[in-house]
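First up is the structure itself, then whatever we jot down about it.
Convention: sequence-line order gives letters A, B, ...; per-chain numbering from 1.
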2 protein chains.
Amino acid sequence: MSSAETPAPRKRPVQARSALTVDAILTAAAHILEGEGMEGYTTNAIAARAGVSIGSLYQYFPNKEAITAALVLADAERLYEALQAASDGSAGAPFLARLEALLDVVIAHQMERPVLARMIDMEERRLAHDPALQAVHEAGFALVRQELQSSGLSLPFGLEASTVDVFAIVLGICDTAGERGETDGDGLKARIRHAVLSYLGLRPS
Amino acid sequence: MSSAETPAPRKRPVQARSALTVDAILTAAAHILEGEGMEGYTTNAIAARAGVSIGSLYQYFPNKEAITAALVLADAERLYEALQAASDGSAGAPFLARLEALLDVVIAHQMERPVLARMIDMEERRLAHDPALQAVHEAGFALVRQELQSSGLSLPFGLEASTVDVFAIVLGICDTAGERGETDGDGLKARIRHAVLSYLGLRPS
DNA sequence: ATTAAATATGAGCTATTACTCGTATTTTGA
DNA sequence: TCAAAATACGAGTAATAGCTCATATTTAAT
């Protein structure tokens, strides 16, 4: 039962070109999702757009869902790392400045490719059970929890619930903005800032 | 071009039994979506669960999407009507009482069948372009806009943006609660209340 | 050089599933 | 009572799309 069967779940790039292939596939998947939606989002279309054969695609991804999961995960990781960087970069600064730094990251992420962000957001809900994705979510969560805790604020509903709500408020306003096709990043930021600060019991200056 | 062709887009129940059939189909669709998710959500499964032949199903719905759209629309209309009733029922009461009445409706709607609510929420995003659905959204929107306007409050970002944000905050927290499987309706209400009131510049008592 | 492993290819298989259509049954109206 | 309309039926069709596999090519190791 433990001998060397067919490599099974696949995806073990060893050489450099295979890493390029994997990358091309994910990039193509994102472009199709962004430009054609779920309609055109087929494995054959992804392979074609990536300039790769369908066989190669299935050499690195066991099935279509795995491609989507990898795409969503990569996006979540990118956001988390940017948040981490912002948090590190504003070390020592007062709470409000740190919060703004985080908001800037979230809004930049949303505004960079709004349509793709919306599609990924939808897929993210569908794949919410994925352990790897949950891990990244929890990491981002922990980051915000830490910020709130070290702020010394007296939180309205305890640390955990407040963290959940701050997340929900930020994502709720962001997603809605995405759905409505809003383009004013600064205005969006001001509104989210207001919502979060007032939730936390701070007078938005 | 205007003669009596095949009835075309279908759905014209005339007798009583056909209305029952249509109802059974929508009920079955909801049950499947709730219990099996998109996996088991096939037209044949819906028909079987409804105790109706697949042929009958397609006599009243031109395609699968139309079933989903009808389901989502019915849900949105039900929520809107409940909001309307709550608004009417609290006529003359102070703003805070009216707001609470509306929140009660939203939370009751969310808590009634949380899993179904989550699935419908996801489909709602996909069908956001549907004119009939947009109309109901706009109606609910108008209702909240009206409340805010007649509250006499000085809104942080103008009537339109504030309405959008209040919606986003409420739905954001609700959806997140649904995803996390929260069951405490009262706690949920308190948090949403706090978020909305503080956003509006009111001290949550 | 030679061999083995890694990678690439794409025609085609297969399973799923949305949907049709010819027919049977029930209801309505006169 | 008896047509005609409305409704119900479900086996079968057709098309899509996920995925396999036998084969070819490239890279790495000795």
Any Lys/Arg nitrogen of R126(B) or E65(B) sitting under 4.0 Å from an Asp/Glu carboxylate oxygen of the other?
yes
Atom pair CD1 (I192(B)) and CG (L99(B)), whose distance is rounded to the nearest 0.5 Å
10.5 Å
How far does CZ of R193(B) sit from CD of E100(B), to the nearest 0.5 angstrom?
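Rounded to the nearest 0.5 Å, the CZ-CD separation comes to 4.5 Å.
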Atom-pair distance ([atom1] on [X]; [atom2] on [N]), nearest Å:
X      : N       : atom1 : atom2 : value
L57(B) : dA18(C) : CG    : C1'   : 10 Å
R17(A) : dT7(C)  : CZ    : P     : 7 Å
E65(B) : dT17(C) : CD    : C1'   : 15 Å
L20(B) : dT27(C) : CG    : P     : 12 Å
Q15(A) : dT27(D) : CD    : P     : 8 Å
Y60(A) : dT9(C)  : OH    : C1'   : 12 Å
I25(B) : dC9(D)  : CD1   : C1'   : 13 Å
Y58(A) : dT14(C) : OH    : P     : 16 Å

Assess the side chains of T21(A) and S18(A): does a donor N or O sit below 3.5 Å from an acceptor N or O?
no
H31(A) versus E36(A), side-chain donor and acceptor atoms under 3.5 Å:
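Looking only at side-chain atoms, H31(A) and E36(A) do not form any donor-acceptor pair under 3.5 Å.
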Using a cut-off of less than 4.0 Å, is there contact between a side-chain N or O of S18(A) and OP1 or OP2 of dA8(C)?
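Result: no.
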Can you tell me if the side-chain N/O atoms of S53(B) get under 4.0 Å from OP1 or OP2 in dG10(D)?
no
On DNA chain D, check which nucleotide each of I54(B) and P13(B) is closest to and give me the residue with the more 5' one.
P13(B)
Hey, which sits more toward the 5' end of DNA chain D by its nearest nucleotide, G51(B) or S56(A)?
G51(B)
Among dA6(D), dC19(C), dA8(D), which nucleotide has an atom closest to any side-chain atom of V14(B)?
dA6(D)
If you check the V52(A) side chain, which of dG10(C), dT9(C), dT20(C) turns out closest?
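Among the listed nucleotides, the one closest to the side chain of V52(A) is dT9(C).
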Below 30° counts as parallel, above 60° as perpendicular, anything between as tilted: where do the rings of H194(B) and Y199(A) land?
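H194(B) and Y199(A): perpendicular rings.
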Check DNA chain C against residues 34-49 of chain B and give the residues with a non-hydrogen atom under 4.0 Å, in numerical order.
T42(B), T43(B), N44(B)
Does any non-hydrogen side-chain atom of H109(A) lie less than 4.5 Å from one of D75(A)?
yes
